[in-house]
Every structure is written in structure tokens, then in C-alpha cells.
Chemist: 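What follows is a single structure, and I will ask about it in a moment.
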Amino acid sequence: MRGSSSHVLSLLEEAENKERKHIMVHVMDSPGENHLPRVYIQDASGHEGKEVEVQGWLANKRSSGKVAFLLIRDGTGLMQATAFDGDYFNRDKLKSFKAVPLESSVIARGKVKREERAPGGYELELRDFRLLHAAEEYPIQKKEHSVDFLMERRHLWLRSSSQHAVLRVRNRVMMTIHAFLQERGFTLIDSPILTPAACEGTASLFEVPYFDLGHAYLSQSGQLYMEAAAMAFGKVYCLAPTFRAEKSKTRRHLTEFWMLEPEVAFADWVDNMELQEKLVSHVVQEVLEKSREELETLGRDTRLLEKVSPPFPRITYEEALEILKKKEFPISWGDDLGGDEETAVSEDFDRPLFIHHYPASVKAFYMQPDTEKPELVLNDDLIAPEGYGEIIGGSQRIHDLALLEQRLEEHRLPREAFEWYLDLRRYGSVPHSGFGLGIERFTAWVCGIQHIREAIPFPRQIYRMYP
RNA sequence: UCCUCGGUAGCUCAACGGUGGAGCAUCCGGCUGUUAACCGGAGGGUUGCAGGUUCGAAUCCUGCCCGGGGAGCCA
């Protein structure tokens with residue numbers, strides 16, 4: 001592989017001739033000619049003093065007359081490659097690095113060296129550099145952009161360190177949830193995406209044509225199916241996309257988002273809250289421990305996250321009203337709590353806050369009323385601190401057939417569509433409870449980002465379907 | 001659907017009734033340890049669209065289009 005630096009130069013000349021468009025070169029030489037171990041950047045420290053090959057993209061570059069710095073990104077990390085005027089590169093050839101466009105795909109070979117001045121503590125002393133594909137001028141620059149500009153280029157924005165960090169945390173959240181529930185005997189049961197009718201009857205639904213049966217609707221919750229599954233498997237959950245055709249235009253809403261929905265048979269509303277606080281605490285602590293680097297990249301102040309451990313403070317809806325009245329909110333019994341109200345109440349607490357026992361009139365038809373005060377239901381909302389709002393909504397479900405029938409009528413829901421659901425109350429009905437956790441809201445809170453659209457790889461919003 | 005803010009160079013913004021500028025990006029040149037590197041030079045504009053007021057409009061008025069933030073709804 002000697003003479004490879006002239007290889008760079010020739011490629012660049014070729015690029016100039018073609019006005020730097022779409023240069024593809026063969027990467028693999030005849031096997032065995034240069035058999036360097038291909039190393040991922042996150043593992044580079046284990047190869048100190050050895051010659052390795054790194055495959056990636058050019059994230060940034062700097063140079064002076066006799067030294068060039070090439071910052072390479074490979075998905076696992078960032079590594080600086082250095083080239084000097086010396087044995088492997090002369091001054092002219094160093095100059096040619098300046099012409100390699102950002103985000104070009106490259107293969108770099110050299111010796112791994114410990115270097116305090118390099119980002120990450122290690123750098124690659126470059127001996128050979130290959131341009132796999134010379135990028136066109138990269139639209140996302142090193143200085144700031146508007147969110148709109150970046151969202152139009154979401155497919156490229158994913159490469160930036162902040163977005164990379166958020167989605168790595170999301171990955172950690174998802175995997176930790178699965179592990180937590182699996183270890184506790186839960187079975188993953190996938191709910192259908194195409195459904196025949198509204199689960200809760202209130203929110204608007206996305207409608208899709210469905211052969212001779214007319215229309216299907218994209219699922220807005222897997223809960224009713226989870227209730228069926230809980231009667232078969234005891235402890236179940238789904239973690240799946242959810243669709244809401246509401247014209248919500250806020251930082252807390254997406255039209256397509258992912259929701260975790262556990263459901264447990266023989267569990268009451270208190271068991272339900274205990275499961276929620278254990279799950280939330282465990283996931284937060286796992287992210288703090290195993291995704292610390294990502295949180296640092298995001299500049300997340302983790303002091304409040306460190307405090308997230310059971311038990312969470314619990315107040316009733318009526319106690320929440322008292323707090324709001326002291327803060328001079330114009331609210332009266334029977335009103336639902338909006339985002340501003342939730343934030344105002346949660347400000348008094350330094351941990352996630354349960355608000356339970358809401359008026360039945362503002363909640364879904366399937367929620368179990370309190371025996372003493374039947375105008376209240378055995379539900380809970382979990383409000384994240386720092387203004388991130390509701391991340392969980394949960395409740396004990398109605399197990400009595402007659403009561404559920406009555407509720408369907410009151411909510412004017414088509415009974416036919418719910419016959420199967422009523423069956424669950426005909427054949428061995430039991431008290432049972434469950435909840436829904438919004439993955440993007442949770443991830444946004446843990447990451448400390450302002451808008452949940454960055455917490456999903458390709459957000460769907462009312463005015464955005466691209467890319 | 002409602003409230004509110006905005007649309008000027010490739011990007012982020014300034015100019016707020018009197019000849020459209022800056023930083024970054026791009027191109028050219030310089031620099032031996034850079035960290036969103038730095039220094040010098042060059043090119044780059046139908047000010048979202050349509051109409052109106054005015055001697056004169058990016059700027060004021062009307063309508064439309066597009067987007068941001070928020071409300072409602074909820075995860």
C-alpha cells in the first residue's frame with residue numbers, strides 16, 4: 001500500500017475533472033496484500049500502538065501548512081486522524097486533504113496512538129487514506145441551523161452528534177424496558193396496527209381503505225387487546241407504534257409515536273403505580289449508568305435524574321386542585337388538567353409525580369370507579385419533572401360486565417364492536433390494571449431536549465411527512 | 001379550529017421609508033497540534049407570492065402561500 005498518498009491525489013484530480021461528482025473507487029485490494037484489522041472507533045483504545053483500518057465518514061477537517069487533522073466518524077465514535085509532512089505525505093499531498101468534502105466516505109489506515117490533545121484520547125497516525133466516495137457539498141454545516149431546515153434533512157441530521165446521542169438513548173430506553181419486563185415474567189404480545197374501531201372512541205383516527213370490509217383504522221392504543229392477552233398470559237405488554245389524527249401542534253405531540261402498554265391481571269391501581277415507579281426508576285438509572293456519554297454530549301444536567309427512585313410522591317386530583325388554587329389558576333372541580341396545570345403542580349416536587357383519582361367524566365370509559373366515591377376513577381397520570389408533562393396514563397379497568405355495558409352506552413360507543421371486549425368480563429373476569437408510557441416523551445425528558453420530534457428517528461407531524 | 005411570531009445570499013441573521021450588509025459555507029492564497037481552528041482575498045440577491053400607498057417599499061397597508069411556538073386533545 002505504499003504510494004497510497006498519491007492515490008488520494010489522483011482521486012482528487014479525477015474529482016476536479018468531473019466537477020467533484022460521484023466518484024466511486026474500488027476499496028478492496030487483492031486479498032492479503034494489506035491485511036490490517038478493521039477496527040470500530042469505540043474499540044480503538046484496545047489497539048494502541050498497532051496498525052489498523054478505520055472505515056467511516058469525514059466529520060470535520062483542519063489543517064495548517066505541514067499538518068492535517070481529519071475527524072472521522074464511523075457510527076461508534078469520533079476519531080482524529082493526523083497526517084504530517086514527513087515519511088508518508090509531503091506538503092503538496094497534505095494540501096490535497098483540504099479538497100476532500102465533508103461527509104465523504106473514507107478508509108483510513110494508520111497506527112493508533114495515545115494523544116491527550118485528540119478528542120477521545122486516541123488518534124490515528126495516518127499512513128494511507130482512501131476516498132471511497134467524494135461527497136457533494138454537505139448541506140448541514142457546522143454552525144447553527146433552524147429546526148425546520150434540519151427536519152427537511154432529517155435523513156442527514158441523524159449523523160450529527162446530538163441526534164446520534166438522542167437516538168442511542170432511545171435505543172437504551174427501549175432495550176431496558178424489554179429487559180425489565182421480561183425479567184419479571186411479562187410476555188410481549190404484539191397488538192394489531194389495523195383495527196376495526198376506536199379503542200376509546202374520542203380521539204380522531206387515521207382511516208385506511210380495507211377491501212370489502214370498508215375501512216380500517218390505525219391503532220391509537222393496544223390496550224384493549226392487552227386486556228384480552230392479560231387474561232391469557234397474566235402479565236403482558238406491547239411496545240408498538242400508535243397513531244393519533246389530532247391536529248396537535250405542540251412540542252409534546254406527534255401523529256405517530258411509540259407507546260409501551262403493560263397490562264396485569266389480578267392487579268389493582270396501587271399495584272399499577274408501584275410497577276410504574278419501579279420501571280421508570282430502573283430505566284432512568286440504566287440510562288444514567290450506561291448512556292452517560294450520550295447525556296454528556298447533550299449537555300444534560302443529570303442532578304434531578306439521579307433522584308428518580310421509588311416511591312414517587314402521590315397526590316389526588318383534588319389535592320392537585322388545591323395546589324392550583326393557591327397558584328391562582330382559574331380551575332374548578334371537574335375540569336381536566338392541561339399541560340400548564342400539570343407543570344405548575346409538578347414544580348412543587350423534585351421527582352416524577354403521580355396524580356390519581358380523577359373525575360370519571362374527564363377520563364376514558366373503561367376506568368374502574370372508586371367504591372367510596374363513584375364519581376372518581378382509579379387512575380393515575382405520571383407527570384415528569386422539569387415541565388415535560390404527562391409521560392404515563394394508567395388505570396384499573398372495569399371488571400364488572402353490567403357496569404362496562406352501562407359505560408359503553410353513556411359514551412355512545414357501538415356495542416357490536418366491543419362484544420369481544422365484553423366477553424373478557426363474561427369468562428372469569430378479574431380486577432386488572434395497566435398503563436401507557438410514551439416512549440418519545442420519556443426519551444425527551446431523560447435527554448433534556450425541548451421537543452419530542454427529535455426523540456424519534458423520522459417524526460410524523462401534521463405538516464411534515466418528509467423525509 | 002383559535003391565539004401568537006416569522007419568511008432577506010447556500011445557512012444563521014442585520015438593515016425597519018432614502019444606494020441590501022455581516023458571520024459561516026463555497027472558491028483562491030497562507031499557517032507544524034488543530035478542537036464549530038485561525039488569517040488574507042474573491043464570487044454570491046426577483047428581500048415568500050400578488051396587489052396597494054408613496055417622488056421612493058425588504059421596511060407601511062390588504063389578501064394569499066409556507067413554517068415555528070402555544071391552546072384544545074392526549075402518551
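Naming convention: chains lettered A, B, ... in sequence-line order (proteins, then strands); numbering from 1 in each chain.
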Chemist: Got a salt bridge between A/Arg109 and A/Asp128, using NZ or NE/NH1/NH2 to carboxylate O under 4.0 Å?
Modeler: yes

Chemist: Below 4.0 angstrom, N of the basic side chain to O of the carboxylate: do A/Glu51 and A/Lys111 qualify?
Modeler: no

Chemist: Parallel, tilted or perpendicular: which one describes the rings of A/Phe418 and A/Tyr421, with boundaries at 30° and 60°?
Modeler: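 The rings of A/Phe418 and A/Tyr421 stand perpendicular, inter-plane angle above 60°.
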
Chemist: Which of the following nucleotides, B/U32, B/A75, B/G68, is nearest to the side chain of A/Phe84?
Modeler: B/U32

Chemist: Side chain of A/Thr250 only, please: which of B/G72, B/A75, B/U34 is the nearest?
Modeler: B/G72

Chemist: Using ring centroids (six-membered ring only for Trp), state whether A/Trp157 and A/His145 fall under 6.0 Å.
Modeler: no

Chemist: Run the salt-bridge test on A/Arg170 and A/Glu454 with the 4.0 Å N-O cut-off and return the result as yes or no.
Modeler: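 A/Glu454 and A/Arg170: not salt-bridged.
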
Chemist: Which nucleotide in the list B/G67, B/G30, B/C74 gets nearest to the side chain of A/Arg464?
Modeler: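 Looking only at heavy atoms from C-beta outward on A/Arg464, the closest nucleotide is B/G67.
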
Chemist: Quick one: label A/Ile392 by what it contacts on the DNA or RNA (base, sugar-phosphate, nothing), any heavy atom closer than 4.0 Å.
Modeler: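 Since only primed, P, OP1 and OP2 atoms lie under 4.0 Å of A/Ile392, the category is sugar-phosphate.
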
Chemist: Would you mind telling me which residue lines up with the more 5' stretch of RNA chain B, A/Thr82 or A/Gly438, judged by nearest nucleotide?
Modeler: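 Its nearest nucleotide lies further toward 5', so the answer is A/Thr82.
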
Chemist: Once you round it to whole Å, what is the distance between P of B/G48 and CG of A/Asp148?
Modeler: 15 Å

Chemist: Provide the distance between the two P atoms, one in B/U47 and one in B/U4, to the nearest whole Å.
Modeler: 29 Å

Chemist: Which word best sums up how the rings of A/Phe206 and A/Phe243 line up, parallel for under 30°, tilted for 30 to 60°, or perpendicular for over 60°?
Modeler: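 Ring orientation, 0 to 90° scale: perpendicular.
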
Chemist: Taking A/Thr255 for the side chain and A/Ile462 for the main chain, is one N or O donor matched with an acceptor at less than 3.5 Å?
Modeler: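 Side chain of A/Thr255 to backbone of A/Ile462, a donor-acceptor pair under 3.5 Å: no, none is there.
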
Chemist: Nearest whole Å is fine: how far is B/U34 P from A/Asp85 CG?
Modeler: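 Taking atom P of B/U34 as the reference, CG of A/Asp85 is at 18 Å.
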
Chemist: Heavy-atom nearest nucleotide on RNA chain B for A/Glu125 versus A/Lys363: which residue maps closer to 5'?
Modeler: A/Glu125

Chemist: Which part of the nucleic acid, if any, lies within contact of A/Tyr138, taking any heavy atom under 4.0 Å across all strands shown: a base, the sugar-phosphate backbone alone, or nothing?
Modeler: nothing

Chemist: Let's test your reading of the model: under 3.5 Å, does the base of B/G33 pair with the side chain of A/Glu123 as donor and acceptor?
Modeler: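 Side chain to base: pair found, below 3.5 Å.
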
Chemist: Less than 3.5 Å between a donor and an acceptor, one on the side chain of A/Lys98 and one on the base of B/G30, is that the case here?
Modeler: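 Yes, the side chain and the base share a sub-3.5 Å donor-acceptor pair.
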
Chemist: Contact class for A/Gln80 (heavy atom, under 4.0 Å): base, sugar-phosphate, or nothing?
Modeler: base

Chemist: Over 60° means perpendicular and under 30° means parallel, so tell me whether A/Trp333 and A/Tyr317 are parallel, tilted or perpendicular.
Modeler: perpendicular

Chemist: If I take atom CG in residue A/Leu94 and atom C1' in nucleotide B/C31, what distance separates them, rounded to the nearest angstrom?
Modeler: 12 Å

Chemist: Would you measure the distance from the P atom in B/U34 across to the matching atom in B/C39 and give it in whole Å?
Modeler: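 B/U34 and B/C39 have their P atoms separated by 14 Å.
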
Chemist: Go through B/A75, B/C31, B/G69 for me and flag the one nearest to the A/Arg244 side chain.
Modeler: B/A75

Chemist: Whole Å only: how far is the NE2 atom of A/His253 from the P atom of B/G72?
Modeler: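 Answer to the nearest Å: 9 Å.
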
Chemist: Heavy-atom contacts under 4.0 Å between residues 377-388 of chain A and RNA chain B, which residues?
Modeler: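 Per residue number, the list is empty: none.
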
Chemist: Using whole Å, what does the distance between atom C1' of nucleotide B/C39 and atom CZ of A/Arg62 come to?
Modeler: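 So the two atoms are 17 Å apart, to the nearest Å.
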
Chemist: Using atom C1' in both nucleotides, what's the gap between B/G51 and B/A42 to the nearest angstrom?
Modeler: 40 Å

Chemist: Which part of the nucleic acid does A/Ile391 contact within heavy-atom distance under 4.0 Å: base, sugar-phosphate only, or nothing?
Modeler: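 Sugar-phosphate: the residue A/Ile391, judged by heavy atoms under 4.0 Å, touches backbone atoms but no base.
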
Chemist: Compute the ring centroids of A/Tyr388 and A/Phe442, then answer whether they are less than 6.0 Å apart.
Modeler: no

Chemist: Work out how far the C1' atom of B/G23 is from that of B/G44, and round it to whole angstrom.
Modeler: 15 Å

Chemist: Considering only the C1' atoms, how many Å lie between B/C49 and B/C65, rounded to the nearest integer?
Modeler: 7 Å

Chemist: Give the rounded distance in Å between these two atoms: NZ of A/Lys247 and C1' of B/G69.
Modeler: 17 Å

Chemist: Hey, would you say the A/Tyr122 and A/His47 ring centroids sit under 6.0 Å apart?
Modeler: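 For A/Tyr122 and A/His47, the ring centres are not under 6.0 Å apart.
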
Chemist: Using the P atom as the reference point in each nucleotide, state the distance between B/A57 and B/G52 in Å, no decimals.
Modeler: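 About 12 Å, rounded to a whole number of Å.
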
Chemist: For A/Met151 and B/G68, what is the distance between atoms CE and P respectively, to the nearest whole Å?
Modeler: 10 Å

Chemist: Calculate the interatomic distance between A/Ile462 atom CD1 and B/C73 atom P; express it in whole Å.
Modeler: 16 Å

Chemist: Expressed in whole Å, how much space separates the P atoms belonging to B/C16 and B/G7?
Modeler: 14 Å

Chemist: Using a heavy-atom cut-off of 4.0 Å across all strands, would you classify A/Gly338 as base, sugar-phosphate, or nothing?
Modeler: sugar-phosphate

Chemist: Looking at A/Glu386, A/Glu293, A/Glu294, which one forms a salt bridge (charged side-chain N to carboxylate O under 4.0 Å, His left out) with A/Arg300?
Modeler: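 Exactly one candidate clears the test, A/Glu386.
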
Chemist: Got more than 12 heavy atoms from elsewhere within 6.0 Å of NZ, A/Lys247?
Modeler: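 Not buried by this count: 12 neighbours or fewer within 6.0 Å.
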
Chemist: Is the phosphate of B/G69 approached by A/Arg252 (side-chain N or O, under 4.0 Å from OP1 or OP2)?
Modeler: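 For B/G69, neither OP1 nor OP2 has a side-chain N or O of A/Arg252 closer than 4.0 Å.
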
Chemist: Answer yes or no: is there a donor N or O on one side and an acceptor on the other, between the side chain of A/Glu440 and the main chain of A/Trp258, under 3.5 Å?
Modeler: yes

Chemist: Base, backbone or nothing for each nucleotide of nucleotides 5-12 of chain B, written B, S, -, heavy atoms under 4.0 angstrom, 5' to 3'?
Modeler: -----BSS

Chemist: When we call it a touch if two heavy atoms are under 4.0 Å apart, what does A/Asp336 touch: a base, just sugar-phosphate, or nothing?
Modeler: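 Here A/Asp336 touches the backbone only, sparing every base.
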
Chemist: If we require ring centres under 5.5 Å and near-parallel planes under 30°, does A/Phe69 stack on B/G33?
Modeler: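 Ring-base stacking flag not set for A/Phe69 and B/G33.
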
Chemist: With a 4.0 Å cutoff (strictly under), does any side-chain N or O of A/His451 reach OP1 or OP2 of B/G69?
Modeler: yes

Chemist: Find the runs of at least 3 consecutive base pairs, i with j, i+1 with j-1 and so on, that include RNA chain B, using Watson-Crick or G-U wobble geometry with both distances under 3.5 Å.
Modeler: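 B:1-7 with B:65-71, B:10-13 with B:21-24, B:26-30 with B:38-42, B:48-52 with B:60-64 - these are the stems of 3 or more pairs that involve RNA chain B.
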
Chemist: Contact class for A/Tyr463 vs. all strands (heavy atom < 4.0 Å): base, sugar-phosphate, or nothing?
Modeler: sugar-phosphate

Chemist: Among the nucleotides B/G30, B/G33, B/C74, which one has an atom lying closest to any side-chain atom of A/Lys95?
Modeler: B/G30

Chemist: Taking N and O atoms by type only, does the side chain of A/Ser248 place a donor or acceptor under 3.5 Å from a partner on the base of B/C73?
Modeler: yes

Chemist: Measure from the side-chain N and O atoms of A/Glu48 to the backbone N and O of A/Val112, and report whether any donor-acceptor pair falls under 3.5 Å.
Modeler: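 No, A/Glu48 side chain to A/Val112 backbone: no donor-acceptor pair under 3.5 Å.
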
Chemist: Does A/Arg184 make a cation-pi contact with A/Phe180 (under 6.0 Å, within 45 degrees of the axis)?
Modeler: yes

Chemist: What integer number of Å spans the P atoms of B/U59 and B/A15?
Modeler: 14 Å

